[in-house]
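As C-alpha cells, the structure follows; a few thoughts come after it.
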There are 2 protein chains.
Amino acid sequence: MNKNIEAKAKIFKALGHPSRLVIVEALCEGELCVCDIVPLVGRDISTVSKHLSLLKEAGVLKHSKRGTNVYYSLQMECVPGFLSCLNNFLGKNLESQVKDYASNSIKRL
Amino acid sequence: MNKNIEAKAKIFKALGHPSRLVIVEALCEGELCVCDIVPLVGRDISTVSKHLSLLKEAGVLKHSKRGTNVYYSLQMECVPGFLSCLNNFLGKNLESQVKDYASNSIKRL
DNA sequence: TCATTGTTTTGCTATTTGGCAAAATACGAA
DNA sequence: TTCGTATTTTGCCAAATAGCAAAACAATGA
C-alpha cells in the first residue's frame with residue numbers, strides 16, 4: 001500500500017514544474033502534437049520531450065502517433081478540476097495579500 | 001500571470017514527495033503536532049521539520065503554537081478531494097493492470 | 001535563574017533534476 | 001533506397017533537493 005503513496009507522489013512531482021504545468025494546462029483544452037507544445041514551453045525540443053515522457057510515465061498524459069507526429073493528451077481527469085480549485089485558492093490568497101498590503105499602507109501613514 | 005503557474009508548480013512540488021504526502025494525508029484527518037508527525041514519517045525530526053515548512057511555504061499547511069508544541073493542519077481545501085480522485089484513478093489503473101496480468105497468464109498457459 | 005522538552009536552523013554530503021547539444025530512431029515522400 | 005521532418009535518447013554539467021547531526025531557539029516548570 002506504500003506503492004499507492006509512491007504513485008501519488010510521482011504524479012505530484014510530475015506536475016511540480018512550471019514547464020510541465022504549462023504543458024498540462026494547454027492539454028486541458030485538447031490534444032496537441034509535440035511540435036505545437038515546444039513553442040508554448042520555450043525550451044529545447046529535447047527538454048520538452050523529456051518533460052512529456054515524465055508526465056506520461058506518471059500517468060498524467062497519454063500519447064498517440066499519427067504519421068510522423070506524436071500527439072499528447074490528458075489521461076488523468078482529476079487534474080483540470082484541481083487546477084481550477086487551486087486558481088480559486090490562489091486568487092483568494094492574492095486578494096487577502098492585497099488587503100494586508102493595503103492595511104499595512106494605512107498603518108504606515 | 002506567470003506567478004500563477006509558479007505558485008501552482010510550487011504546490012505540486014511540495015506534495016510531490018512520499019514523506020510530505022504521508023504528512024498531508026494524515027492531516028486530512030485533522031491537526032497534529034510535530035511530535036506526532038515525526039513517527040508517522042519515520043525520518044529525523046529535523047528532516048520532518050523541513051518538510052513541514054516547505055508545505056507551509058507553498059500554502060498547503062498552516063500552523064499554530066500552543067505551549068511548546070507546534071500544530072500543523074491543512075490550509076488548502078482542494079487537496080483531500082484531489083487525493084481521493086487520484087486513489088480512484090490509481091485503483092482503476094491497478095485493476096486494469098491486474099486484468100492485463102491475468103490475461104497474460106492465460107496466454108502463457 | 002537553570003534545566004528540560006519540543007521545534008527550527010545551519011552545515012555538510014550524496015543524489016536527483018533540468019537544461020542543451022549531439023546522436024539515434026521513426027516515418028513518410030520522392 | 002535515400003532524404004527530410006518529427007521525436008526520443010544519450011552524455012554531460014550546473015543547480016536543486018533530501019538526509020542526518022549538531023547547534024540554536026522557544027516555552028515551560030523547578
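Bear in mind the structure is a predicted one, so any value in this text is a computation, not a measurement. Within every chain, numbering begins at 1; the chains are lettered A, B, ... in the order of the sequence lines, protein sequences first and strands thereafter.
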Which is it for B/Glu57 and B/Lys50 under the salt bridge (charged side-chain N to carboxylate O under 4.0 Å, His left out) test, yes or no, and what are the steps along the way? CA-CA 10 Å; B/Glu57 171 72 17; B/Lys50 248 192 271 184; over 6 Å; no
Which nucleotide sits closest to the side chain of [X]: [options]?
X	options	value
B/Asn69	C/dT8, D/dT7, C/dT7	C/dT7
B/Ser19	D/dG19, C/dT7, C/dG28	D/dG19
B/Ser49	C/dT17, C/dG18, C/dT8	C/dT8
B/Thr68	D/dA27, D/dA18, C/dG28	D/dA27

Can you check whether [X] has a side-chain N or O nearer than 4.0 Å to OP1 or OP2 of [N]?
X	N	value
A/Lys13	D/dT17	no
B/Tyr71	C/dT7	no
B/Arg66	C/dG6	no
A/His63	D/dT7	no
A/Tyr72	D/dT8	yes

Starting from [atom2] on [N], measure out to [atom1] on [X] and report it in whole angstrom.
X	N	atom1	atom2	value
B/Glu57	D/dA16	CD	P	15 Å
A/Leu54	C/dT16	CG	P	14 Å
B/Ile23	C/dT7	CD1	P	13 Å
B/Lys56	C/dT7	NZ	P	14 Å
A/Lys10	C/dT17	NZ	C1'	15 Å
B/Phe12	C/dT17	CZ	C1'	19 Å
B/Glu6	C/dG18	CD	P	13 Å
A/His17	D/dA16	NE2	P	11 Å

Between [options], which is the residue that forms a side-chain contact (heavy atoms from CB on, under 4.5 Å) with [X]?
X	options	result
A/Val60	A/Leu27, A/Ile23, A/Leu55, A/Leu52	A/Leu55
A/Gln75	A/His63, A/Lys62, A/Lys56	A/Lys62
B/Phe12	A/Val24, A/Ile11, A/Leu83	A/Leu83

Sidechain-backbone polar pair: B/Arg20 side chain, B/Lys13 backbone, donor-acceptor under 3.5 Å: yes
Which residues in residues 25-47 of chain A have a heavy atom closer than 4.0 Å to any atom of DNA chain C? A/Arg43, A/Asp44, A/Ser46, A/Thr47
So, does the side chain of A/Lys50 form a donor-acceptor pair with the base of C/dG18 at under 3.5 Å? no
side-chain contact (heavy atoms from CB on, under 4.5 Å) assessment of A/Leu61 paired with A/Ser73: CA-CA 6 Å; A/Leu61 303 183; A/Ser73 58; over 6 Å; no
Angle between ring planes, B/Phe82 versus A/Phe82, binned at 30° and 60°: parallel, tilted or perpendicular? parallel
Does a side-chain heavy-atom distance below 4.5 Å link A/Val34 with A/Asn69? no
